[in-house]
Amino acid sequence: MAADQSQNKAKAKNNAQNTSTLEEIRATRLEKVDQLKQEGLTPYAYKWELTHQAAELQEKYADLEPGEEVETEVKIAGRIIARRVFGKLAFFNLQDESGTIQLYLDKKRIQSQMPDLSSAFNILKKYTDVGDILGAKGTIKRTEKGELSVYVSEYAILTKSLLPLPDKWHGLTDTEKRYRQRYVDLIVNPDVRETFRRRAKITASIRRSLDEQDFIEIETPVLQGEAGGADARPFVTYHNTLQMELYLRIATELHLKRLIVGGFEKVFELGRIFRNEGVSTKHNPEFTSIEIYQAYADYSDMMELTENLIATAAQDVLGTLKLIYQEQEIDLTPPWRRVTMHEIVQEVTGLDFNNFGTFEEGKKAAEQAEIGVPQDCKTLGQLLNETFEQKVEDTLIQPTFILDYPKEISPLTKPHRSKPGLVERFELFIVGRETANSFSELTDPIDQRERLELQAAKKAAGDLEAQGVDEDFLAALEYGMPPTGGLGIGIDRLVMLLTNSPSIRDVIAFPLLKSSSAVAQSVDYDAEKKILNIEFNNGSVYYYNDVPESVYNELKNAPSLGQYFNQFIRDKYGCDRVK
RNA sequence: GGGUCGCUAGCUCAAUGGUAGAGUACUCGGCUUUUAACCGAUUGGUUCUGGGUUCGAGUCCCAGGCGACCCA
């Protein structure tokens with residue numbers, strides 16, 4: 001008795017080794033990897049032949065009665081997302097891309113079907129964890145409790161997982177972790193997988209529609225010498241061997257138009273666009289657009305195309321044109337409302353911009369209507385647009401085409417055929433968001449040059465979003481571009497709408513997030529050259545130039561090196577990275 | 001750029017300025033119809049970081065980091 005007790009104590013002590021921190025869990029699982037190898041198994045397999053996916057089986061055997069079995073042999077694979085283990089019986093829930101199915105693991109059956117592995121059931125019991133990838137072969141059985149199961153005869157551990165999954169019940173809700181470790185989010189939140197599956201269906205549907213109408217997709221450069229086609233700040237990069245600055249594209253417009261000049265009549269590109277701007281629920285610095293150009297068409301044709309593409313995508317993905325977005329009912333059944341910017345501004349605010357003779361007059365009226373007029377707003381056209389953005393946009397819940405924009409905010413658009421000062425442009429708004437933008441494209445090379453030079457002047461004056469003059473594009477126009485309708489659709493925003501996602505980050509698999517910045521760790525100072533040498537905790541080393549000795553002394557004596565540095569040095573002195 | 005809120009165990013969350021806790025996961029033992037399995041036991045912490053106030057700080061103050069939402 002006494003001996004038993006001391007033995008138990010020793011055992012308890014032995015078992016009391018720490019197994020709960022992340023590192024300890026990982027160490028325990030690495031041990032299991034070793035033990036599997038000792039059993040002659042490979043914890044990282046090469047292949048597993050499948051015959052079915054989980055959802056397929058669920059559907060096929062939906063009518064199987066509890067207790068009933070089918071002798072057909074199936075092979076499936078997936079991740080263990082739950083384990084319920086008894087002495088000689090176990091139930092695992094296996095998740096593959098399509099869904100989940102239960103594995104019914106009976107010791108007797110497994111041991112007899114896997115004679116080469118002496119303790120096949122115990123290995124399963126001891127060495128598998130939630131998170132492991134498992135392959136299973138067996139027959140179909142609905143258990144007496146009514147759960148459709150694969151009655152396993154053979155299994156293989158295909159991949160041993162070393163890290164624990166989030167809580168099976170509460171899952172992963174921390175938004176930051178969900179975005180930073182999207183793979184974990186995808187494992188435990190099935191609706192996230194559904195969102196990205198739906199995204200793929202939407203882009204496939206759009207490409208299919210365009211293909212059926214004989215459009216072809218042509219890829220244009222991401223790296224460009226001049227970033228044009230939109231008003232946006234570009235990312236700048238550098239080509240070492242060519243020794244030239246390059247910009248990441250902010251639009252695909254100017255190159256697709258070159259293709260129209262070259263003789264293609266229906267072209268498009270669906271691809272990534274980069275804009276060096278802020279991050280919000282509606283903006284990610286890299287996002288996806290589709291731009292479509294059709295020769296001999298105008299913006300009216302583009303309206304029909306827009307309705308057709310979006311309605312078809314919704315029908316393909318949702319099976320309906322009526323949907324709910326964030327508790328608002330949206331009806332995508334064409335035709336959609338078409339209203340000019342002048343009309344809608346008057347409708348919402350009561351301001352009739354046709355009545356204003358001068359900018360001053362308009363400004364006075366706008367300010368009375370509580371519209372904030374920014375400094376750089378200097379024309380009636382800009383004021384109209386400002387009023388529209390401030391008062392109207394949010395109210396455009398159902399799909400609405402806003403037509404006929406002021407010329408000064410549309411440098412690539414053909415003048416309106418009957419309304420002076422306006423251009424033939426529309427934007428599509430749904431749930432208050434700009435979702436598409438389209439013009440009768442400007443084809444007059446002289447007019448285009450004047451407008452781009454106006455943009456370039458703004459850029460020279462410090463407007464970081466203004467466009468430069470793309471001489472080669474102008475040369476292309478001088479060879480002659482046929483009348484052309486152009487259309488751009490924000491794919492991310494469309495996907496948000498059709499997946500009922502409140503934030504653009506929900507529809508981008510890996511949204512851009514700030515990395516936690518490096519912390520200054522140690523410091524050195526060259527008094528003669530006034531160079532401050534800082535080493536960061538990530539190993540990088542920077543030289544900060546022209547740093548006064550007094551600053552160095554304060555830094556040295558600061559309670560926290562890292563914070564003094566962030567506050568008083570980081571952005572205040574020029575620096576070179578040396579390591 | 002401004003404001004509000006948040007950051008504590010792998011995950012989800014507690015904790016009047018006074019011994020950092022629960023559930024779950026992990027580990028060990030038991031169990032052939034479970035499905036948030038169950039029963040029993042053990043374990044697990046840089047409370048985001050750096051300062052400050054205090055006899056004493058997860059909590060109060062200052063600064064910083066990251067995130068969410070709102071505004072411009």
Side-chain angles (χ1 to χ4, degrees), chain A residues 7-29 31-32 66-67 80-95 100-111 121 125-126 129-131 141-149 151 161-181 184-185 187-189 277-282 372 374-375 386 389-390 394 502-503 505-506 511-521 537 557-568 570-571:
Chain A
Q7 220 173 20
N8 283 340
K9 245 185 187 171
K11 204 174 175 187
K13 201 174 176 187
N14 204 24
N15 294 337
Q17 58 181 324
N18 300 340
T19 49
S20 291
T21 69
L22 189 57
E23 256 167 66
E24 289 150 0
I25 290 170
R26 188 168 170 275
T28 308
R29 296 214 183 171
E31 250 171 66
K32 291 177 181 173
I80 303 171
I81 54 161
R83 297 170 84 235
R84 294 173 295 280
V85 180
F86 301 78
K88 293 167 186 156
L89 177 70
F91 299 96
F92 287 6
N93 288 1
L94 208 66
Q95 171 177 277
T100 65
I101 191 161
Q102 177 169 274
L103 301 183
Y104 180 105
L105 301 149
D106 174 13
K107 181 170 182 176
K108 258 192 213 159
R109 179 166 172 132
I110 288 173
Q111 301 281 45
F121 183 78
K125 218 171 123 174
K126 269 176 86 175
D129 289 286
V130 167
K141 168 178 182 162
R142 189 174 291 280
T143 62
E144 273 143 43
K145 295 282 161 68
E147 185 75 31
L148 187 72
S149 309
Y151 187 11
S161 163
L162 301 182
L163 297 173
L165 289 177
D167 191 284
K168 64 185 168 196
W169 188 241
H170 300 99
L172 186 69
T173 60
D174 183 286
T175 41
E176 186 171 355
K177 256 179 203 128
R178 286 187 46 227
Y179 296 148
R180 286 195 198 277
Q181 293 189 283
V184 180
D185 190 27
I187 292 169
V188 298
N189 295 323
E277 291 164 1
V279 173
S280 78
T281 42
K282 284 180 252 174
Q375 285 273 311
E386 196 66 44
E389 285 181 0
Q390 287 183 34
D394 289 347
S503 166
R505 286 176 216 106
D506 296 329
L512 186 68
L513 293 183
K514 229 174 171 174
S515 57
S516 51
S517 45
V519 177
Q521 203 167 39
N537 64 346
N557 297 323
S560 163
L561 178 76
Q563 283 186 10
Y564 185 90
F565 173 77
N566 281 343
Q567 225 178 326
F568 299 107
R570 189 188 281 273
D571 301 325

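Per chain, numbering begins at 1; letters A, B, ... match sequence-line order. Reckoned from all heavy atoms, side chains included, excluding hydrogens, waters and symmetry mates.
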Q) Just by modelled atom types, is the A:Ser20 backbone N or O under 3.5 Å from a matching donor or acceptor in the A:Glu24 side chain? A) yes

(Q) Counting the atoms with a prime plus P, OP1 and OP2 as sugar-phosphate, which does A:Arg505 contact under 4.0 Å by heavy atoms, base, sugar-phosphate, or nothing? (A) sugar-phosphate

Q: Compare every heavy atom of A:Leu172 with every heavy atom of A:Arg178, then report the nearest pair and how far apart it is.
A: CD-O, 3.5 Å

Q | Candidates B:C66, B:G44, B:U32 - which lies nearest the side chain of A:Tyr104 | A | B:U32

Q. Among all residues two or more places apart in sequence or in another chain, which pass the side chain to side chain contact (heavy atoms under 4.5 Å, CB included) test with A:Val85?
A. A:Arg83, A:Ala90, A:Phe92, A:Lys125

Q.
Please determine whether side-chain contact (heavy atoms from CB on, under 4.5 Å) holds for the pair A:Leu148 and A:Gln102, giving the CA-CA distance in whole Å, both sets of side-chain angles, and the decisive distance to 0.1 Å.
A. CA-CA 7 Å; A:Leu148 187 72; A:Gln102 177 169 274; over 6 Å; no

Q: Could you check how far CZ of A:Phe86 sits from C1' of B:G40, rounded to whole Å?
A: 16 Å

Q: Specify the separation, in whole Å, of atom CZ of A:Phe92 and atom C1' of B:U33.
A: 15 Å

Q: Could you list the residues that satisfy side chain to side chain donor-acceptor pair (under 3.5 Å) with A:Gln181, not counting sequence neighbours?
A: A:Tyr183

Q) Who are the side chain to side chain donor-acceptor pair (under 3.5 Å) partners of A:Glu389, not counting sequence neighbours? A) A:Asn385

Q) For A:Lys108 and B:U32, what is the distance between atoms NZ and P respectively, to the nearest whole Å? A) 11 Å

Q) Reckon A:Thr143 touches a base, only the sugar-phosphate, or nothing at all at heavy-atom distances under 4.0 Å? A) base

Q) Base, sugar-phosphate, or nothing: which does A:Leu513 touch, judged by heavy atoms less than 4.0 Å apart? A) sugar-phosphate

Q: Mind calculating the distance between NZ (A:Lys514) and P (B:G65) to the nearest angstrom?
A: 7 Å

**Q.** side chain to side chain donor-acceptor pair (under 3.5 Å) involving A:Arg142 - partner list, sequence neighbours excluded
**A.** none

Q: Report which part of the nucleic acid A:Val85 touches: base, sugar-phosphate, or nothing (heavy-atom distance under 4.0 Å, all strands).
A: base

Q.
List the residues meeting side chain to side chain donor-acceptor pair (under 3.5 Å) with A:Asp167, not counting sequence neighbours, and say none if there are none.
A. A:His170

**Q.** Smallest separation among heavy atoms of A:Gly131 and A:Ser161, with atom names
**A.** O-CB, 3.3 Å

Q) Can you name the residues that form a side chain to side chain contact (heavy atoms under 4.5 Å, CB included) with A:Thr173, not counting sequence neighbours? A) none

Sub-3.5 Å pairs of nitrogen or oxygen atoms, protein against nucleotides 46-49 of chain B:
from, atom 1, to, atom 2, distance (Å)
B:U49, O2, A:Gln563, NE2, 3.1

Enumerate the protein-to-nucleotides 5-13 of chain B contacts in which both atoms are nitrogen or oxygen and the separation is below 3.5 Å.
from, atom 1, to, atom 2, distance (Å)
B:C11, OP1, A:Lys177, NZ, 2.6
B:C11, O2', A:Asp167, N, 3.2
B:C11, O2', A:Gly171, O, 2.7
B:C11, O2, A:Asp167, OD2, 3.2
B:U12, OP1, A:Thr173, N, 3.1
B:U12, OP1, A:Thr173, OG1, 3.3
B:U12, OP1, A:Asp174, N, 3.1

Q | Close side-chain approach of A:Pro502 to A:Thr281, heavy-atom, < 4.5 Å | A | no

Q. For the pair made of CG in A:Leu89 and P in B:G30, what is the distance, rounded to whole Å?
A. 16 Å

Q. Considering residues at least two apart in sequence or located in another chain, which fulfil the side chain to side chain contact (heavy atoms under 4.5 Å, CB included) criterion with A:Ala82?
A. A:Arg84, A:Asn93

Q. For A:Glu176, which residues count as a salt bridge (charged side-chain N to carboxylate O under 4.0 Å, His left out) partner, sequence neighbours excluded?
A. A:Arg180

Q: Would you mind telling me which of B:C69, B:U27, B:C31 lies closest to the side-chain atoms of A:Asp129?
A: B:U27

(Q) Only Watson-Crick and G-U wobble pairs with both distances less than 3.5 Å should count. Give RNA chain B in dot-bracket notation, marking inter-strand partners with |. (A) (((((((..((((....[..))))..((((.......))))......(((((..]....)))))))))))).

Sort me out a list of protein N/O and nucleotides 70-72 of chain B N/O pairs below 3.5 Å, or just none if empty.
none

Q: Quick one: label A:Lys125 by what it contacts on the DNA or RNA (base, sugar-phosphate, nothing), any heavy atom closer than 4.0 Å.
A: nothing

Q: Taking the side chain as every heavy atom from C-beta outward, state whether A:Tyr179 and A:Asp506 have any atom pair closer than 4.5 Å.
A: yes

